[in-house]
There are 2 protein chains.
Amino acid sequence: MIYICLMTKTGKPDWSGCPTRYAAGIVGDKWCFLLLRDVLLHGKRTYREFLASPEGISTNILANRLSKLEALGMFTREPDPRKASSVCYFPTQKAKDFLPALVSMMVWATQYDEMTEAPASFAASFNDDPNGTIAWYVAEMARVDRALRGG
Amino acid sequence: MIYICLMTKTGKPDWSGCPTRYAAGIVGDKWCFLLLRDVLLHGKRTYREFLASPEGISTNILANRLSKLEALGMFTREPDPRKASSVCYFPTQKAKDFLPALVSMMVWATQYDEMTEAPASFAASFNDDPNGTIAWYVAEMARVDRALRGG
DNA sequence: CTCTCCACTTGCAATTTGCAAGTGCTTTGA
DNA sequence: TCAAAGCACTTGCAAATTGCAAGTGGAGAG
């Protein structure tokens, strides 16, 4: 297997701290994580929509996290194509590429969260055809953005 | 495909908020995230080892997060088999099952973190054989725990 | 020309964090 | 036997972050 080259003699990859540390800086914040979910899975694109999420983010924190995510190259801030005085936040490719990781976490949570609203079959379906599941979400995102931007 | 049943007429799964919210409660905390990484990828098991991570968690926060992760059923707290007066934290099956999501995040971060120490080939290798990559980490964890517990 | 909507910003109290020092228990070494 | 060291925390406190409520400025509608 190709990845054998990554392992050290003790059997541990000696670099594995770094990429996870990077991920922790973004995902390891509850609000960034949930905004990413709203954009990638719920098709939300506006300040109003984010504010309406059931977790109840407050306005100052929302503004702060939106600019953080913009600075990190995850979101772009653009005038709303439907109404120039409003604003839309679109996911960049970098954000879109996070989708498989997010879906993985959904699969895990579906299995262990007793309060989950997701049917148990979701994990099975994903394991059956992970690429198909992700492709469906990607297509959904494209649909949302096409509807908004027409491009 | 099986998962078609999960989608609503508007094309959105109407439940997708919940499992991610559950994940956000655990992973959406920088320190829990990094402790999970230390246990799943770095083979760390003791308070001392966690404290030594380069991110520099402070002692009170470490104690707090260890008990949070124990309460969440992610870690078990047990006497160190090598030295009864010391303590080990072992990942439960629930934590171990989080590994694919963590590896997904590593793949993503490897692609976008300019400071990454991981070779670019990691993402390619993972895409080549995701199950093999994860299986390798699972085997590593088993090795660590076998070495410690002998069971 | 006012009223409303929108996307924030500000002020402030409350919570959480980080740091330094201390605690109690066990083991180690002289 | 008994002081010294190690371990896994706990405590106190200042500093940073958060949550809440209210306010601001600009565009668009009536």
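Convention: sequence-line order gives letters A, B, ...; per-chain numbering from 1.
Closest approach to the B/Ala63 side chain among D/dT10, C/dA7, D/dC20 is made by D/dT10 (side chain taken as heavy atoms from C-beta onward). Side-chain atoms of B/Asp29 lie closest to C/dT17 of the nucleotides C/dA7, D/dA8, C/dT17. Listed candidates were D/dC9, D/dC7, D/dA22. Nearest to the side chain of B/Tyr89 is D/dC9. For A/Arg65, the listed nucleotide lying nearest its side chain is D/dT18; candidates were C/dC8, D/dT18, D/dC7. In this structure, the nucleotide among D/dC7, C/dA7, D/dT18 sitting nearest to the side chain of A/Ile61 is D/dT18. Among the nucleotides D/dA8, C/dG18, D/dG19, the one closest to the side chain of B/Asn60 is C/dG18.
Looking at heavy-atom distances under 4.0 Å, A/Ser86 makes contact with sugar-phosphate atoms alone, never a base.
With respect to B/Glu70 and B/Arg65, no salt bridge is recorded, no charged nitrogen being found less than 4.0 Å from a carboxylate O. Contact check on B/Asp29 versus A/Lys30 returns no salt bridge, with no Lys/Arg side-chain nitrogen under 4.0 Å from an Asp/Glu carboxylate oxygen.
Rounded to whole angstrom, the span from the CD atom of B/Glu49 across to the P atom of D/dG6 amounts to 17 Å. C/dA7 atom P lies 10 Å from atom CG of A/Leu62, rounded to whole Å.
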Point to revise | Footprint string (nucleotides 23-28 of chain D, 5' to 3'): B base within contact, S backbone only, - free, heavy atoms under 4.0 Å | key: ----SS
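Scanning for salt bridge (Lys or Arg N to Asp or Glu O under 4.0 Å) contacts around A/Glu78 gives A/Arg149, with sequence neighbours left out.
In this pair, B/Phe75 and B/Tyr89 present their aromatic rings tilted. The plane angle is within the 30 to 60° band.
Regarding contacts with the backbone of D/dT17, every side-chain N or O of A/Trp31 stays at 4.0 angstrom or more from both OP1 and OP2. Residue B/Arg82 places no side-chain N or O under 4.0 Å from the OP1 or OP2 atom of C/dT27.
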